[in-house]
Amino acid sequence: MADHQVLAGAHVVLPTGTVENGRVIVDGDRIAGSAPENAPVLDLTGHWLVPGFVDMHNHGGGGASFTSGTVDEVLKGVHTHRLHGTTTVVASFVTGEMDFLTQRAGLLSELAEQGEIAGLHFEGPFISPCRKGAHDETLLRDPDPAEVRKLIDAARGRAKMVTLATELPGGLDSVRLLAEHGVIAAIGHTDATYEQTQAAIDAGATVATHLYNAMPALGHRAPGPIAALLEDERITVELINDGTHLHPAALELAFHHAGPERVAFITDAMDAAGFGDGRYMLGPLAVEVKDSVARLVEGGSIAGSTLTLDRAFQRAATVDGLPVEAVVQAISANPARLLGVYDRVGSLEPGKDADIVVLDAEFALKGVMRKGEWIVDPTADTTA
């Protein structure tokens, strides 16, 4: 009985809908279907219980970079995002030298094996110099399948996603290679046409890296990649819902055309997430963060975000007016499915990890549980 906790009285968001005055039973590190009669009960009346957030595109936080930080720094970044409800996180790299990226992949694959991160994402170097964003153009290269294979081999089975400009030489063959190895091929930082994007989807691409950003705008004569990515049911579109990367109308357009089952909220966070304004490095490039917006010192391009997923959730449910169930799909269930971990996380169902986020009536974060342990205690007095 000591291992049981009953979280009661809340609006509980399940895959089948929201249960009013519901309860979630925790047994050790898992969600259970029942509890002993005298199990302790935590009254969360007026709150929301949702599954822990799953971030499939995240470069760091808490002052730490997943691309270049030490193991302790990476763990600090992971913990920073856990404090904001992200109980499952993929470590994303920015463009670097191939030898450096393979070395980093080997190092961080150990953290994936230990369960600290959910895997690795290579955003670059196989992207378009026309849409490089905050990537060092001198390090970019065409997506040679042999080099793509080198990266995923270095990750020792922990590579989850590679972002590619699939219109470049070797792009379609690289997509096919990734699909064969069970790694997500994501279309991003691309200058592709509508037709080239369709060809990449047919080759096996399944994700749009931060839709709208770092790709040609939607045009009425040349619709470009955005139209192809939104209309195809095989594609899940990443969205950075921080109020800077996307106009609310662009987010609404994506939800209208893709539907909540094909959207994944991401942070694309860099070191400054959960840390503050100042000067940072994103790979080899200097970044200035001012008023929580990250931009390259040279050129002024947006350089990732300082977003945390609790803020993305609150914005989606209030400013954007999305149904809470749709937000949960986009922030937990859909990325968990894409990453192949939905059997363990992404919903509040018996047998899954007890990864739970508590939100108040205004959708502000009040509690975070990961594997049955409170990381943020919902009973703590934060006004003191």
Sorted by first residue and then second, give each ring pair (Phe, Tyr, Trp, His ring centres under 6.0 Å) pair with at least one member in [range]; sequence neighbours left out.
{"range": "residues 347-375", "result": "Trp48-Phe363"}
{"range": "residues 218-260", "result": "Phe255-Phe265"}
{"range": "residues 292-335", "result": "Phe53-Phe313"}
{"range": "residues 165-217", "result": "His57-His210, His135-His189, His189-His210"}

Seminar exercise, completed: Output for pair (Asp310 CG, His81 NE2), nearest 0.5 Å, gives 10.0 Å
Exercise. CG/Leu172 to CG/Leu177 distance, rounded to the nearest 0.5 angstrom?
Worked result: 12.5 Å
Exercise. For the hydrophobic clusters of this structure (ILVMFWY residues joined by side-chain heavy atoms under 4.5 Å, transitively), does one cluster hold both Met161 and Val148?
Worked result: no
Problem set entry | Joint cluster assignment, Val341 & Met56, ILVMFWY side-chain distance < 4.5 Å | yes
Any donor-acceptor pair under 3.5 Å linking the side-chain atoms of [Y] with those of [X]?
{"X": "Asn241", "Y": "Asp320", "result": "yes"}
{"X": "Ser109", "Y": "Arg156", "result": "yes"}
{"X": "Thr95", "Y": "Glu123", "result": "no"}
{"X": "Asp55", "Y": "Thr267", "result": "yes"}

Problem set entry | Within-4.5 Å side-chain heavy-atom neighbours: Leu111 and Val74 | yes
Problem set entry | Carboxylate-amine/guanidinium proximity below 4.0 Å for Arg344 and Asp353 | yes
Problem set entry | Trace of the side-chain contact (heavy atoms from CB on, under 4.5 Å) decision for Lys76 with Phe275 | CA-CA 11 Å; Lys76 178 184 177 184; Phe275 202 65; 4.1 Å; yes
Problem set entry | Enclosure of Glu298 CD (heavy-atom neighbours >12, cutoff 6.0 Å) | no
Exercise. CD of Glu373: more than 12 outside heavy atoms within 6.0 angstrom?
Worked result: no
Exercise. If you draw the axis of the six-membered ring of Phe122, does the NZ or CZ of Lys160 fall within 45° of it and under 6.0 Å from the ring centre?
Worked result: no
Exercise. Considering residues at least two apart in sequence or located in another chain, which fulfil the salt bridge (charged side-chain N to carboxylate O under 4.0 Å, His left out) criterion with Asp153?
Worked result: Arg149
For this session: Not counting sequence neighbours, which residues clear side chain to side chain contact (heavy atoms under 4.5 Å, CB included) with Asp271? List them please.
Result: Ser65, Tyr280
